[in-house]
2 protein chains.
Amino acid sequence: MSDQALRVPRQPSRPKKARSAERKRRSAVPANEPGAPISLAPLNRLAGYLIRQAQLWVFQDFNETLAPLDVRPVQFSILTLIGENPGLSQMALSRVLGIVRSGLVPLLDSLEGRGLLKRSASTTDRRSHALYLTADGRTLLVRANALVGEHEERLRQKVGPSGHKQLLKVLEVFGRGI
Amino acid sequence: MSDQALRVPRQPSRPKKARSAERKRRSAVPANEPGAPISLAPLNRLAGYLIRQAQLWVFQDFNETLAPLDVRPVQFSILTLIGENPGLSQMALSRVLGIVRSGLVPLLDSLEGRGLLKRSASTTDRRSHALYLTADGRTLLVRANALVGEHEERLRQKVGPSGHKQLLKVLEVFGRGI
DNA sequence: TATTGTTATACTCTATAACTATA
DNA sequence: TATAGTTATAGAGTATAACAATA
């Protein structure tokens with residue numbers, strides 16, 4: 001964050017000239033009062049919208065809870081899946097996670113660089129890697145599981161014990177079990 | 001997509017030299033069979049994981065359903081909120097959406113460029129804009145609501161009618177109602 | 001001094017195409 | 001020919017800092 005000279009400016013995602021054309025004339029119309037209540041009624045009746053809001057809460061609380069270990073949700077999923085299925089290939093992992101195989105590479109690079117997993121040569125197919133947790137990876141996963149338990153408990157308190165049970169049952173259909 | 005000369009190469013997110021160091025030695029260890037079933041049990045017991053998987057399904061189905069109108073979930077939320085709260089300011093909108101105000105600018109640029117909304121001058125505060133739907137915006141929102149209804153119906157079929165009712169009730173706590 | 005909208009910047013995630021090495 | 005892993009590339013989403021205009 002200190003060496004600015006190494007940075008290359010990025011291509012802006014939209015051409016600049018389009019923007020000025022987008023805001024040309026602005027007639028004066030009465031606006032809502034600043035402190036006025038905002039109606040969200042139509043959105044709050046959509047289960048899809050509520051699922052999205054719930055997911056944002058989950059990720060935020062997960063990240064805050066797991067911050068001491070610096071573990072994101074997808075990293076936790078990767079470590080858990082490799083721990084449960086030692087020798088997993090990257091292709092199999094990418095299929096289960098719903099991530100294209102090229103997107104998995106930097107994620108595994110990072111975890112391998114931290115010494116949490118290793119890519120071993122497969123004995124059956126020299127193209128593929130067999131993924132294993134290291135001892136450090138197993139140790140971190142134990143600590144992560146404890147924190148995830150705290151996070152899950154906070155979620156249970158948020159929706160209530162019966163709500164939590166209902167979620168596990170109703171959303172079971174979305175769990176990818178192969 | 002044709003004029004390659006205009007493109008500026010992007011800064012890779014991670015330094016290249018770190019990668020080779022990350023995969024040094026690879027001992028040969030027995031790997032899981034390629035066709036072997038993969039255990040997801042520990043993840044499928046976490047409500048947070050299931051909420052995430054459900055949200056991925058929701059976005060995918062939403063995008064496929066609304067593709068004819070080229071409306072993403074966040075764009076639908078913006079149009080709905082402005083339709084329900086005409087004259088809304090960008091600050092108020094960004095707070096409700098949970099988006100920082102700078103992130104809202106390109107979203108509104110795009111929708112304004114498509115003629116779906118307009119930024120009008122506020123009568124009370126010359127720093128702020130009052131957001132309104134255009135006639136085209138209202139027309140599109142009507143059509144979008146019909147498609148969102150189809151999407152919601154598919155979600156209801158996915159989790160069952162009683163499951164859908166339970167979701168609306170259990171997840172109500174995540175709906176931001178100000 | 002503080003706030004609103006904007007710009008510039010950068011990191012993450014996701015996706016596609018092409019390459020290497022293997023099958 | 002097809003597949004596993006990798007690289008390069010591009011776009012979306014999200015975040016911070018700084019600026020001008022205004023409060």
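Reminder, nothing fancy here: chain letters follow the sequence lines and each chain counts from 1. We use all heavy atoms of the structure for the numbers below, so side chains are in, but hydrogens, waters and symmetry mates are not.
For the OP1/OP2 pair of D:dT3 and a distance below 4.0 Å, the side-chain nitrogens and oxygens of A:Gln90 include no atom meeting the criterion. One finds no side-chain N or O of B:Arg72 lying less than 4.0 angstrom from the OP1 or OP2 phosphate oxygen of D:dG11.
A:Leu97 and A:Leu131 fall within the same hydrophobic cluster, defined by Ile, Leu, Val, Met, Phe, Trp and Tyr side-chain heavy atoms under 4.5 Å apart, directly or through other members. If you chain together hydrophobic residues whose side chains sit under 4.5 Å apart, B:Leu56 and A:Phe174 never meet in one group. B:Leu69 is connected to B:Leu79 through a chain of hydrophobic side-chain contacts under 4.5 Å among Ile, Leu, Val, Met, Phe, Trp and Tyr, so both are in one cluster.
Taking the side chain as every heavy atom from C-beta outward, A:Ile99 and A:Val74 approach each other to under 4.5 Å. Within the 4.5 Å cutoff, no side-chain heavy atoms of B:Gln90 are placed close to those of B:Ser128. For the pair A:Leu88 and A:Val96, the minimum side-chain heavy-atom distance is 4.5 Å or more.
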Report all interatomic pairs (protein N or O, nucleotide N or O of nucleotides 21-23 of chain C) with separations under 3.5 Å.
from	atom 1	to	atom 2	distance (Å)
C:dA23	OP1	A:Arg126	N	3.1
C:dA23	OP2	A:Arg126	NH2	3.4

Can you tabulate the close N/O pairs, meaning under 3.5 Å, that link protein atoms to atoms of nucleotides 16-18 of chain D?
from	atom 1	to	atom 2	distance (Å)
D:dT16	O4	B:Ser102	OG	2.7

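When rounded to the nearest whole Å, the span between CG of B:Asn63 and C1' of C:dC13 equals 15 Å. D:dG13 atom P lies 12 Å from atom CD of B:Gln55, rounded to whole Å. Between A:Ile99 atom CD1 and C:dA15 atom P the separation is 9 Å, expressed in whole Å. If you measure from atom CE of A:Met91 to atom C1' of D:dT6, you get 13 Å, rounded to the nearest angstrom. Counting to the nearest Å, the C1' atom of C:dA15 and the CG atom of B:Leu56 are 15 Å from each other. In this structure, B:Leu97 atom CG and D:dA15 atom C1' are separated by 16 Å, rounded to whole Å. Put simply, CG on A:Leu93 is 12 Å from P on D:dT6, counting in whole angstrom units. As a whole-Å value, the separation of B:Leu107 CG from D:dA12 C1' is 10 Å.
With A:Thr134 contributing its side chain and A:Gly115 its backbone, the two residues share a donor-acceptor pair below 3.5 Å.
Applying the salt bridge (charged side-chain N to carboxylate O under 4.0 Å, His left out) test to every pair with at least one member in residues 144-157 of chain B, sequence neighbours left out, gives these pairs: B:Asp61-B:Arg154, B:Glu153-B:Arg156.
Under the 4.0 Å criterion applied to side-chain N and carboxylate O atoms, B:Lys118 and B:Asp136 are not assigned as salt-bridge partners.
Both B:Ser128 and B:Arg52 lie close to DNA chain C; mapped to their nearest nucleotides by heavy-atom distance, the more 5′-ward contact belongs to B:Ser128.
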